[in-house]
Amino acid sequence: LYMNKIEIENIENLEILGIGSESKVYQYKDEAIKIFMNKSAIKNKEKKIILIHDLNIKNIVKPNNIIINSKGKTIGYSLNKIETNFDENLWHYNTNTNSLDKKIEKLKALEETLKELHKNNITMVDFNYFNFLLDKEDNLNIIDSDNYRVGKLKEDLKPILFYKYYKKKYGKIDENYDKFAYGMQILITLPFLPFLMDYFSETPKDNLIETIINDLDINSKLKDYFYNLLDPKTENEYIGSRLDLLSSSRPYIKNKRSK
């Protein structure tokens, strides 16, 4: 496997597009380049982006080229720049006027991507909603694949969606974590769970799933749906085929915590 390498000088003079917890993103010609700030993770990331570059998985924005410095050391990678309307991501779908059916369409697209990743022994892990971008044609574009778990190459960024809770309770991070985090993404995006951060401080860790399900002001059929989705000890299945249950859940259902 091989990726083209490009040396770029004076990166700090380029237009900056964004800053994350472990990288900076710049504009370079017609592409975006992601420059790693955590030098200790670069070797692991380089191996992963080379493997992901060779795959063709729908909705994943693949790495294009490895970026090196003047000493030939890898410092990041380039990728297609996604042209979006301001702040267009799955979280934005929580706050704007898009219909419930349109939100479900995007969540189904996310699930199809997860299935393809899992077939290739890749776990997404990083379910930061800012990674799920919607372009001007309203297509889903998923970035930051360098953070994924690829085979035995581990994730580099601890994700925000109850990662510590899940790892403590179930012991390992694998595709079942993706299904759990995908369920959380559904609750946030629709939104059945608009005050997600409440559960970090208020909920006993051992009863997290039960507390969340009990807080949902929905019928028992939907509660069973979400319980199966969030608890990897139950069915361990992809649940998106049952998202149609939500399409018929009108009027729009709100969480009990909404006041």
I would like to know whether Lys106 and Glu111 meet salt bridge (Lys or Arg N to Asp or Glu O under 4.0 Å); could you show each step before the answer? CA-CA 9 Å; Lys106 302 308 172 190; Glu111 178 168 309; over 6 Å; no
For residues [X] and [Y], report the shortest heavy-atom separation together with the two atoms involved.
| X | Y | value |
| --- | --- | --- |
| Thr74 | Ile42 | O-CG2, 3.4 Å |
| Asn131 | Asp126 | ND2-OD2, 3.0 Å |
| Leu140 | Asn59 | O-OD1, 3.3 Å |
| Phe36 | Gly76 | CE1-CA, 3.6 Å |
| Arg149 | Ile173 | NH1-O, 3.2 Å |
| Thr84 | Lys136 | O-CE, 3.9 Å |

Would you compute the distance between atom [atom1] of [X] and atom [atom2] of [Y] and round it to the nearest 0.5 angstrom?
| X | Y | atom1 | atom2 | value |
| --- | --- | --- | --- | --- |
| Asp135 | Ile82 | CG | CD1 | 6.5 Å |
| Phe132 | Gln185 | CZ | CD | 5.0 Å |
| Ser40 | Lys45 | OG | NZ | 9.5 Å |
| Glu155 | Asn44 | CD | CG | 9.0 Å |
| Lys39 | Lys73 | NZ | NZ | 11.5 Å |
| Leu110 | Glu105 | CG | CD | 13.0 Å |

Go through the steps to decide whether Thr113 and Ile60 satisfy the test side chain to side chain contact (heavy atoms under 4.5 Å, CB included), and finish with yes or no. CA-CA 8 Å; Thr113 299; Ile60 296 291; 3.7 Å; yes
Under 3.5 Å, is there a donor-acceptor pair between the side chain of [X] and the main chain of [Y]?
| X | Y | answer |
| --- | --- | --- |
| Tyr166 | Phe180 | no |
| Asn120 | Ile122 | no |
| Asp144 | Ile142 | no |
| Asn10 | Asn13 | no |

Under the side chain to side chain contact (heavy atoms under 4.5 Å, CB included) rule, what do Val25 and Ile33 come out as? Steps first, then yes or no, please. CA-CA 5 Å; Val25 180; Ile33 58 171; over 6 Å; no
Given the rule that I, L, V, M, F, W and Y join up when any side-chain heavy atoms are under 4.5 Å apart, are [X] and [Y] in one cluster?
| X | Y | value |
| --- | --- | --- |
| Leu14 | Ile19 | yes |
| Ile57 | Ile143 | yes |
| Tyr170 | Val125 | yes |
| Val61 | Leu114 | yes |
| Ile50 | Ile52 | yes |

Quick one, [X] and [Y] - any side-chain contact, counting heavy atoms below 4.5 Å?
| X | Y | result |
| --- | --- | --- |
| Ile66 | Asn4 | no |
| Ile11 | Ile35 | yes |
| Tyr148 | Leu51 | no |
| Glu15 | Leu17 | yes |
| Glu7 | Ile67 | no |
| His53 | Met3 | yes |

Is the shortest side-chain N to carboxylate O distance from [X] to [Y] below 4.0 Å?
| X | Y | value |
| --- | --- | --- |
| Glu116 | Lys119 | yes |
| Glu112 | Lys108 | no |
| Glu22 | Lys34 | yes |

Check the pair Tyr26, Ile8 against side chain to side chain contact (heavy atoms under 4.5 Å, CB included), reporting the backbone distance first and the verdict last. CA-CA 11 Å; Tyr26 298 88; Ile8 301 179; over 6 Å; no
Check whether the side chains of [X] and [Y] place a donor and an acceptor atom closer than 3.5 Å, and report yes or no.
| X | Y | value |
| --- | --- | --- |
| Tyr77 | Asp146 | yes |
| Lys223 | Asn214 | no |
| Thr123 | Asp178 | no |
| Ser78 | Asn64 | no |

Do other residues, nucleotides or ligands put more than 12 heavy atoms under 6.0 Å from the CD atom of Glu9? no
Kindly assign one of parallel, tilted or perpendicular to the pair Phe127 and Tyr177, based on the angle between their ring planes and the thresholds 30° and 60°. perpendicular
Partner of Asp156 by salt bridge (charged side-chain N to carboxylate O under 4.0 Å, His left out), out of Lys48, Lys43, Lys47: Lys48
Run Lys62 and Leu79 through side chain to side chain contact (heavy atoms under 4.5 Å, CB included) and show every step you take. CA-CA 6 Å; Lys62 297 195 301 182; Leu79 65 158; over 6 Å; no
